[in-house]
Amino acid sequence: MIYSKHDIHSIEITSSLLRQGKILIFPTDTVYGFSGVVGKTDEKIRSIKGRDETKPFIQLISKPSDVLKISNDFIPESLLSKWPGALTIIVNDKNNFGKTIAVRCPGDEWLRTVIENTESPIYSTSVNRSGKPVLLKIDEIISEFEREVDAIVEDGDSRSPIPSTIVKIDGEKIIVVRKGAVEI
């Protein structure tokens, strides 16, 4: 199924499919991403992408305060002020001692509403086969993955190939793991 992000029912359709455990491709505030509900869809996404089982996916949340549901870490205001936006912060997982989670509150309002309506964080990982370049053109995305995902939400070609900036906090120090769309 392919439908437009601008369809008046796109948020409802997308949220419903995600709650059902479906795998979707849709635009984020950076590039198109494979997405599914956290904890239910990671194996399916890994299979489609051909990704190593040890490399984690970014988890998207609907509002900055949702980070408190998954981590007890103190996040400096200098970072929180960049949310919503293309900033991913690696935090300690409060439910799995010694594990970390890469979390982002995206700048796209449509996407934040989808996440809120899904009532769960969702995974996001760039649309490409592991080790290959990220696909930016919607016709290439459809051609390559239409038969492997449950739906594609189209919004034209990606406007920028720049991914989110990824940081982690080490004590009082902020370490840039990957330079991206947000300056730190």
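In this chain, residues are counted from 1 in sequence order. Small disclaimer: the values here were computed from a predicted structure and weren't measured.
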Practice problem: Evaluate the criterion side-chain hydrogen bond (donor to acceptor under 3.5 Å, both in side chains) for residue pair Ser16 and Gln20; output intermediate values, then yes/no. | Solution: CA-CA 6 Å; Ser16 175; Gln20 293 172 46; 3.0 Å; yes
Quiz prompt | With Phe26, the ring-ring contact (aromatic ring centres under 6.0 Å, His included) member among Trp110, Tyr123, Tyr32 | solution = Trp110
Exercise. Establish whether Ile2 and Ile11 are linked, either directly or via other cluster members, by ILVMFWY side-chain heavy-atom contacts under 4.5 Å.
Key: no
Quiz item: Do NZ/NE/NH1/NH2 and the carboxylate oxygens of Lys5 and Asp108 come within less than 4.0 Å?
Solution: yes
Quiz prompt | Shortest non-hydrogen separation from Ile61 to Pro106 and the atoms involved | solution = O-CD, 3.3 Å
Practice problem: Please assess Ser120 against Thr118 for the test side-chain hydrogen bond (donor to acceptor under 3.5 Å, both in side chains), listing each intermediate value before the final yes or no. | Solution: CA-CA 5 Å; Ser120 171; Thr118 302; over 6 Å; no
Quiz item: Does the pair Trp83 and Val103 meet the rule for a side chain to side chain contact (heavy atoms under 4.5 Å, CB included), with working shown?
Solution: CA-CA 11 Å; Trp83 274 357; Val103 64; 3.9 Å; yes
Quiz item: Cluster question for you: counting only ILVMFWY and a side-chain heavy-atom cut-off of under 4.5 Å, with indirect links fine, are Phe34 and Tyr3 together?
Solution: no
Exercise. Taking all non-hydrogen atoms of both residues into account, name the closest pair between Val31 and Ser126 and its distance.
Key: CG2-CB, 4.2 Å
Quiz item: Are Glu43 and Ser47 linked by a side-chain donor-acceptor pair shorter than 3.5 Å?
Solution: no
Quiz prompt | Minimum heavy-atom distance between Gly33 and Thr28, given as atom pair plus value | solution = N-CG2, 4.4 Å
Quiz item: What do you reckon, is NZ of Lys44 surrounded by more than 12 foreign heavy atoms closer than 6.0 Å?
Solution: yes
Quiz prompt | Asn92: which of Asn72, Asp73, Thr100 passes side-chain hydrogen bond (donor to acceptor under 3.5 Å, both in side chains) | solution = Asp73
Quiz item: Going hydrophobic residue to hydrophobic residue with side-chain gaps under 4.5 angstrom, can you get from Ile70 over to Leu87?
Solution: yes
Side-chain atoms of residues 175-184: list all donor-acceptor pairs with protein atoms under 3.5 Å, sequence neighbours left out, distances to 0.1 Å.
| unit_1 | atom_1 | unit_2 | atom_2 | d |
| --- | --- | --- | --- | --- |
| Arg178 | NE | Ser164 | O | 3.0 |
| Arg178 | NH2 | Ser164 | O | 2.9 |
| Arg178 | NH2 | Ser164 | OG | 3.1 |

I'd like a table of donor-acceptor pairs (distance under 3.5 Å, sequence neighbours excluded) in which one partner is a side-chain atom from residues 129-144, with atom names and distances.
| unit_1 | atom_1 | unit_2 | atom_2 | d |
| --- | --- | --- | --- | --- |
| Arg129 | NE | Glu144 | OE2 | 2.9 |
| Arg129 | NH1 | Ile48 | O | 2.6 |
| Arg129 | NH1 | Glu148 | OE1 | 3.2 |
| Arg129 | NH1 | Glu148 | OE2 | 3.4 |
| Arg129 | NH2 | Glu144 | OE2 | 3.2 |
| Arg129 | NH2 | Glu148 | OE2 | 2.5 |

Quiz item: Going through the checks in order, is the side chain to side chain contact (heavy atoms under 4.5 Å, CB included) test met by Leu111 and Ile122?
Solution: CA-CA 10 Å; Leu111 181 51; Ile122 61 172; 4.1 Å; yes
Quiz item: Just how far is it from atom NZ of Lys94 to atom OG of Ser71, taken to the nearest 0.5 Å?
Solution: 8.0 Å
Quiz item: Taking it one step at a time, do Ile169 and Phe74 satisfy side chain to side chain contact (heavy atoms under 4.5 Å, CB included)?
Solution: CA-CA 9 Å; Ile169 303 164; Phe74 170 76; over 6 Å; no
Quiz prompt | Exercise: identify the closest heavy-atom pair between Arg112 and Ser62 | solution = CD-O, 3.2 Å
Quiz item: Which distance, rounded to the nearest 0.5 Å, do you find between the NZ of Lys22 and the CD1 of Ile13?
Solution: 14.0 Å
Quiz prompt | Set of salt bridge (Lys or Arg N to Asp or Glu O under 4.0 Å) partners for Asp66, sequence neighbours left out | solution = Lys63, Lys69
Quiz item: What do the steps show when you test Val67 against Ile75 for side chain to side chain contact (heavy atoms under 4.5 Å, CB included), and what is the final call?
Solution: CA-CA 9 Å; Val67 73; Ile75 300 173; 3.8 Å; yes
